[in-house]
Amino acid sequence: MSQLTAKICVLGDFAVGKTSTVARFVHDQFSDKYLTTIGVKIDTRELCIDQTAIKFVVWDVAGTDKLKTVEMSYLKGASGYVLVCDGTRGDTLGAALGLAEQARARFGQVPQVVLANKRDLATQWEIKHSALAAVAESGTPVFETSAKTGENVDGAIETLARQIIQQAYTSAAT
Amino acid sequence: MNNLEEIRGLLFGDEQEKLAKLDRRVSIPELRADDVASVLPTALKDSHEAGPQLVRRLKPPVEQCIRTSLRESPQEYADALYPVMGPAIRRSISETFKAYTQQINQSMEQSLSLKYLRWRMEASRAGVPFAQYVLQKTLQYRVEQGYLISRDSGMLIAHVHQDATQLKDNDAVSAMFTAIQDFVKDSFSDNHAGRLQVADMGEYALWAAHGPHAVLVCVIRGVAPNSLHASLSGLLERLHANFEYELSHFMGRTEAEDDIEYELAECLTWQALTEKEASRSWLRKPVFWLILVLLAAVFWWGFRGWQNHTAQSSLRAAFAETPGIYLDRIERRDDTYIIYGLRDPLAAEPGSIIAQTGLQTVRWESALQPYRSLDPSIATQRTLAVINPPDSISVDAKDGRITLSGSAPQRWRQRVVDWQASGLFDVPVDVSRVSLVEQSALDALLEQHERFEILFSGGTELVDEQSLDAVAVVLREAVPLAEASSQHVVVTVVGGTDALGTVSDNELLAQARADLVVASLQSRVQHPRLRWEIAAADIAEQSVDARRRRVVVALSSERL
């Protein structure tokens, strides 16, 4: 079994449920207070995908609609992004995609997934499915998740892991 | 063509020959192998000295060869290893026992020495394992962990550590360190070029060395010397030189991870705290000086106490041994010793007693009350003071008894006897060896005047009145001496005649002459101490010598 370690960054606007979503799939290593002090919190998660053991070092970046210098430095060397938006707040999808575009412009294209969070509040949903479908058609997998129930969270992370593994083997082959 | 070949041969003959030789050496494998064989040892040596690349490249095929050979020909390996297996096993066992013995010795020392017992208590109080506490106390510094972190991504490239206790997720730690470093750099560095190099956290410190592609972060326990900075930077430079590609293209995994860790392990250095440094560290602590001052005060207090105790003991012993003194206690008030107790007036003066102890410089006061001591020596002194023996008396005081010898007046001796009878003396006094002065005088007088002859002319006609007077003088002198010495003076009178006449007449005449002398003497001196005796007559048988017409008076003494 081959082993791989990958850095992934969780991006999204304020209060979209990034930290709650991350808490669903990581082993807590450090206190949440780091989010309010230095603007990032580190956790890890180990997965096994198709005979490949992959260890995610998850950088949960504090919520923002635009990356400043310090947040930008946190993204250096990331192998993938988890873009989190709040399904009950329509503007958060655009904010997440904007952050991803800002990162891509600086560090290049890396695998990413979009998590439309708060699926458990479907009655208050603002983001249109067509918008999510458009994102998915552009090549970014989209998952409607619930940090409260954990729905689809693991699936989204596994999808990102497969993309990262595939890219790692592709770059190794080249 | 032939001319051309000939011209070519003339112009390039040597070069053609060399080319042919080179072609032959390159095209024939055996020759090429010989060439490679000739330079291979030197090439291997140079490559090995240049760095670990050769070892790293050779390691996989060599390991594979050994595995294959072991699998296919185990007996040959066993035979080859046989000569070294025995000594190796013996040495291993010996080393194991040696280490085990050292461990036992160390454990004994640790268990029994006061220092380690104290450390054990302190570790228990602090709630940390004893081994960890001993490490803290005996190490100047130790690099506990070394992280080699990708500079861009913060991903952990390699990690080494001393022991696996209390380790967090290394990937998370390295990422967090990178995040904090980025945060500090972006927040507090004006040009974003600063780097976090040192961070102190109680007994631990983080030292970071920054390279183009990776950051070496060491977790250090204790106080490391500054020279360690240079060592870590040098190690990071070597890692960049040897693994430049792996570090610059690190994306979560590298095949050279083992080799990188092997070299990274060099950062796990440590230095024990020497005894000198340990003692210096004590010197730097104020509590050490406080304890020193307290110890000095306690020592001074103890010394003064010991001095006081010694002085009091000496004084107590000296007074206790002095006859005629009963010591109750000695108190020290300020710098003055006050002596309480009883003292016989005949005992030694306190000043002279203290002088004998060698403590002349101490200040003292006497609170001794007078009393009458029954100590034999003091009682003897007191008795002798009462007796006041004359110079003619020698005194022997021994075992609580006074023995007097020599001569003394009867009156003095009688007084001693009377006082003893009345219980005046605290010790018995023996006067049996004291002779009286009067007795001696009487004896001498009577010895000098032992015999007198008083002559008669015939019949009872006394012709020698002077002799009678002389006898009377002696008797008058002897009487008081006899009285003093409790004796009688015996006056023996013997009447005598010559041979003329009959015996009976002569006996009557002798008796008459004796009576006459006695009467004459008694008329001169009369005293009860004089005892008169008339002895048998002394009548000559044939002589008619006139000197036999006499009365002999003999004086002697007799005890009552």
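All of these numbers come straight from a predicted model, not from anything done at the bench. Worth knowing before you read on, the calculation uses all heavy atoms, side chains too, and leaves out hydrogens, waters and symmetry mates. Note on naming: letters A, B, ... go to the chains in the order of the sequence lines (proteins, then strands), and numbering restarts at 1 for each one.
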**Student:** Considering only heavy atoms, give the residues of residues 72-95 of chain A separated from chain B by less than 4.5 Å, sorted numerically, with 'none' for an empty result.
**Tutor:**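 If one takes a 4.5 Å heavy-atom cut-off, the residues of residues 72-95 of chain A near chain B are A:S73, A:Y74, A:K76, A:G77, A:S79.
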
**Student:** Taking atom CZ of A:F107 as the centre, does the number of heavy atoms from other residues, nucleotides or ligands within less than 6.0 Å exceed 12?
**Tutor:**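 Yes, CZ of A:F107 has more than 12 neighbouring heavy atoms, counting only those of other groups under 6.0 Å.
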
**Student:** Is there a donor-acceptor contact under 3.5 Å linking the side chains of B:D171 and A:T44?
**Tutor:**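 Note: B:D171 and A:T44 side chains miss the donor-acceptor criterion.
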
**Student:** In this structure, are over 12 heavy atoms from other groups packed under 6.0 Å from A:E126 atom CD?
**Tutor:**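 Correct, the count exceeds 12.
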
**Student:** Can you name the side-chain hydrogen bond (donor to acceptor under 3.5 Å, both in side chains) partners of B:E122, sequence neighbours left out?
**Tutor:**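 Checked B:E122 against side-chain hydrogen bond (donor to acceptor under 3.5 Å, both in side chains); matches are B:Y133.
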
**Student:** Above 12 or not: heavy atoms from other molecules or residues under 6.0 Å from CH2 of B:W270?
**Tutor:**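 Atom CH2 in B:W270 is not crowded, with 12 or fewer foreign heavy atoms closer than 6.0 Å.
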
**Student:** By ring-ring contact (aromatic ring centres under 6.0 Å, His included), which residues pair with B:H210, not counting sequence neighbours?
**Tutor:**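 Per chain and number, B:H210 pairs via ring-ring contact (aromatic ring centres under 6.0 Å, His included) with no residue.
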
**Student:** Given that the side chain runs from C-beta out, which part of A:V57 has a heavy atom under 4.5 Å from chain B: side chain, backbone, both or neither?
**Tutor:**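 For A:V57, the side chain is the part near chain B, not the backbone.
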
**Student:** Measuring heavy-atom distances to chain B, does A:K55 have an atom under 4.5 Å in its side chain, in its backbone, in both, or in neither?
**Tutor:**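 When you check distances to chain B, only side chain atoms of A:K55 fall under 4.5 Å.
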
**Student:** Just verifying a value: how many Å separate B:D182 CG and A:T69 OG1, rounded to the nearest 0.5 Å?
**Tutor:**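 If we round to the nearest 0.5 Å, B:D182:CG and A:T69:OG1 are 11.0 Å apart.
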
**Student:** To the nearest 0.5 Å, tell me how far A:I42 CD1 sits from B:F177 CZ.
**Tutor:**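 Atom-to-atom, A:I42:CD1 and B:F177:CZ are 13.0 Å apart.
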
**Student:** Not counting sequence neighbours, list each pair that qualifies as a ring pair (Phe, Tyr, Trp, His ring centres under 6.0 Å) and has a residue in residues 212-231 of chain B.
**Tutor:**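 Counting only pairs at least two positions apart or across chains, the ring pair (Phe, Tyr, Trp, His ring centres under 6.0 Å) contacts touching residues 212-231 of chain B are B:W207-B:H229, B:H213-B:H240.
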
**Student:** To the nearest 0.5 angstrom, please state how far the CE atom of B:M176 sits from the CG atom of A:D43.
**Tutor:**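 Going from CE on B:M176 over to CG on A:D43, the span is 9.0 Å.
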
**Student:** Compare all side-chain heavy atoms of A:W59 with those of B:T178 and state whether any distance is below 4.5 angstrom.
**Tutor:**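 A:W59 vs B:T178: side chains touch.
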
